[in-house]
Amino acid sequence: MLSGPTRLAVWGDPIAHSRSPRLHAAAYGVLELDWEYDRRQVDDASFIGEIAALDATWRGLSLTMPLKQVAAARAASLDDDARLTGAVNTYLLTADGPHGFNTDVGGLARALDEYGVREPRLVRVLGAGATATSAVVAAARAGASTIEVRARRPEAAARLTELGTALQVEVRARSLDDPHLASADATIAALPGGIDLGPVGDALASGSGPLVDVVYGGWPTPLALAWERAGVAAHDGLGMLLHQALLQVRVFVGEDPARPLSREPEVLAAMRIALMGD
């Protein structure tokens, strides 16, 4: 039995919808850890004060929007994925400060593998915001040699093309409605869930491989319906959510997202069941 701090939580704004408490409770139940995992509504303005108020009973935090960038700026250290993306979704709390991790990247890469997207040649990413940054890194980790970023304003993807240089992959920026459509092995949608691209969505679905949409509420999204009309598979964001949470558990238990857990297959199975519950 692990000793020491036993309190954890997910922070963000809004936070009531978060499924993290049920995912983590399932994991710690299998691992026989009597840990408390809660949720708290925290915005970016109150984040620093809330962190300062934590005592030695706290082991770690899961962090959602809008806290990922401010958490990266306040971390004592960053793992490679957090450093590349400038975003942190996991804090390991220690005596020398919070250590930041971005398990969204690994979670999305593991979800792509689960959906059969392995060693893709070209991956298309829709959107150029913070989530798209994690999507680009995940696509590179999945083996893509070329990543096409589609955004309403291609100039907004400039930092993603620079990120491609750091990842040693080619990142191309195009507008969402650019008629030139290279065949893609998969598409990662990092757009607001309710957005309807109309005919553009149907055009993208026709040559963009299976869809992995980071959204998991309000499913199916208009994009998912476009893929359905094209007869191509569309996956919601629950796979990414599941696998990033497993990597968070690795951080909280073993302090390393690359170190598998004891009884990890049982842990993952329990988390998957918990995720699908009402």
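In this text the structure is predicted, and so the values were computed from the model without any measurement.
- Within 6.0 Å of atom CZ in R74, 12 or fewer heavy atoms from other residues, nucleotides or ligands are found, so the atom counts as exposed in its surroundings.
- Among all heavy-atom pairs drawn from A132 and V125, the shortest one is CB-CG1, 4.0 Å.
- Scored by the side-chain contact (heavy atoms from CB on, under 4.5 Å) test, R39 finds V10, I15, S18, P21 as partners (sequence neighbours excluded).
- Contact detail for I147 and A139: the closest heavy-atom pair is CD1-CB, 3.8 Å.
- Salt-bridge annotation for D80 and R83: present, with a side-chain N of the basic residue lying under 4.0 Å from a carboxylate O of the acidic one.
- Nearest approach of L23 to L241, heavy atoms of both residues: CD1-CG, 4.0 Å.
- The local environment of CD in E155 is crowded, with over 12 non-hydrogen atoms from other residues, nucleotides or ligands closer than 6.0 Å.
- Here R40 pairs with W11, V42, E50, L54, W58 under the side-chain contact (heavy atoms from CB on, under 4.5 Å) rule; sequence neighbours left out.
- Using a cut-off of 4.0 Å between Lys/Arg side-chain N and Asp/Glu carboxylate O, E255 and R250 are scored as not salt-bridged.
- The CZ atom of R152 sits 10.5 Å away from atom OG of S175, with the distance rounded to the nearest 0.5 Å.
- Linking Ile, Leu, Val, Met, Phe, Trp and Tyr residues whenever their side-chain heavy atoms come within less than 4.5 Å places V232 and L223 in a single cluster.
- For S46 and D43, the side-chain atoms include at least one donor-acceptor pair closer than 3.5 Å.
- Residues passing the side-chain contact (heavy atoms from CB on, under 4.5 Å) test with P120, sequence neighbours excluded: V117, V123, A142, A144, D185.
- When side chains are defined from C-beta on, L246 counts as touching E264, because their heavy atoms get closer than 4.5 Å.
- Rounding to the nearest 0.5 Å gives a distance of 10.0 Å between CD of E170 and OG1 of T165.
- Put simply, the side chain of T6 never gets that close to the backbone of W35: no donor and acceptor are under 3.5 Å apart.
- Transitive grouping of hydrophobic side chains (ILVMFWY, heavy atoms separated by less than 4.5 Å) brings V169 and L160 into a common cluster.
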Donor-acceptor pairs are to be reported for all side-chain atoms of residues 200-213 against protein atoms at under 3.5 Å, with residues two or more places apart or in another chain.
unit_1, atom_1, unit_2, atom_2, d
D202, OD1, R229, NE, 3.0
D202, OD1, R229, NH2, 3.0
D202, OD2, R229, NH2, 3.4
S206, OG, A203, O, 2.6
S208, OG, R124, NH1, 2.6
S208, OG, L204, O, 2.4
D213, OD1, V215, N, 3.1
D213, OD2, T221, OG1, 3.1

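- No donor-acceptor distance shorter than 3.5 angstrom exists from the side chain of R150 to the backbone of R174, with no hydrogens or angles considered.
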Checklist line | Working for side chain to side chain contact (heavy atoms under 4.5 Å, CB included), residues T187 and W227 | finding: CA-CA 10 Å; T187 296; W227 259 251; 3.8 Å; yes
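- The heavy-atom pair separating A151 from A128 by the smallest distance is CB-CB, 3.9 Å.
- The side-chain contact (heavy atoms from CB on, under 4.5 Å) search around T94 returns L92, D96, H99, not counting sequence neighbours.
- S134 contributes no side-chain N or O that, together with a main-chain N or O of D104, makes up a donor-acceptor pair within less than 3.5 Å.
- To the nearest 0.5 Å, atoms CG (L84) and CG (D79) are separated by 9.0 Å.
- With a 4.5 Å cut-off on side-chain heavy atoms, L225 and P220 count as touching.
- Clustering ILVMFWY residues whenever any of their side-chain heavy atoms sit less than 4.5 angstrom apart, transitively, puts Y216 in a cluster other than the one holding L191.
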Discussion item. Using side chain to side chain contact (heavy atoms under 4.5 Å, CB included), reason through V136 and I188 one step at a time and then give a plain yes or no.
Written reply: CA-CA 9 Å; V136 166; I188 303 171; over 6 Å; no
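- Donor-acceptor pairing under 3.5 Å is recorded for the side chains of S62 and Y37.
- Under the 4.5 Å side-chain heavy-atom criterion for grouping Ile, Leu, Val, Met, Phe, Trp and Tyr, L126 is not connected to V137 through any hydrophobic cluster.
- For the residue pair F101 and P257, the shortest heavy atom distance occurs at CE2-CD, 3.7 Å.
- Q248 contributes no side-chain N or O that, together with a main-chain N or O of A245, makes up a donor-acceptor pair within less than 3.5 Å.
- Residues L108 and L247 fall into different hydrophobic clusters, defined by Ile, Leu, Val, Met, Phe, Trp and Tyr side chains chained together at heavy-atom separations under 4.5 Å.
- The pair R141-D81 meets the salt-bridge criterion, with a side-chain N (NZ, NE, NH1 or NH2) lying under 4.0 Å from an Asp/Glu carboxylate O.
- Counting only heavy atoms from C-beta outward, the side chains of T90 and L61 never approach each other to under 4.5 Å.
- Residues T146 and R172 form a side-chain contact, since some pair of their non-hydrogen atoms from C-beta on lies under 4.5 Å apart.
- Considering every non-hydrogen atom in both L67 and L63, the closest pair reads CD1-CD2, 4.1 Å.
- At a threshold of 4.5 Å between non-hydrogen side-chain atoms, the residues V171 and V149 count as touching.
- Distance check, rounded to the nearest 0.5 Å: CG of L197 to CG of D177 gives 9.5 Å.
- Applying the 6.0 Å contact sphere to CZ of R159 captures more than 12 heavy atoms from other residues, nucleotides or ligands.
- Within the 4.5 Å cutoff, no side-chain heavy atoms of K68 are placed close to those of V88.
- With hydrogens and angles ignored, the 3.5 Å screen pairs no side-chain donor or acceptor of R59 with any backbone N or O of L8.
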### Task
Carefully, step by step, assess R19 and L238 under the rule side chain to side chain contact (heavy atoms under 4.5 Å, CB included).
CA-CA 10 Å; R19 303 192 191 191; L238 290 176; 3.7 Å; yes
For residues 266-276, dump all side-chain donor-acceptor pairs below 3.5 Å to protein atoms at least two apart in sequence or in another chain.
unit_1, atom_1, unit_2, atom_2, d
E266, OE1, R263, NE, 3.4
E266, OE1, R263, NH2, 3.0
E266, OE2, R263, NE, 3.4
R272, NH1, E114, OE1, 3.4
R272, NH2, E114, OE2, 3.0

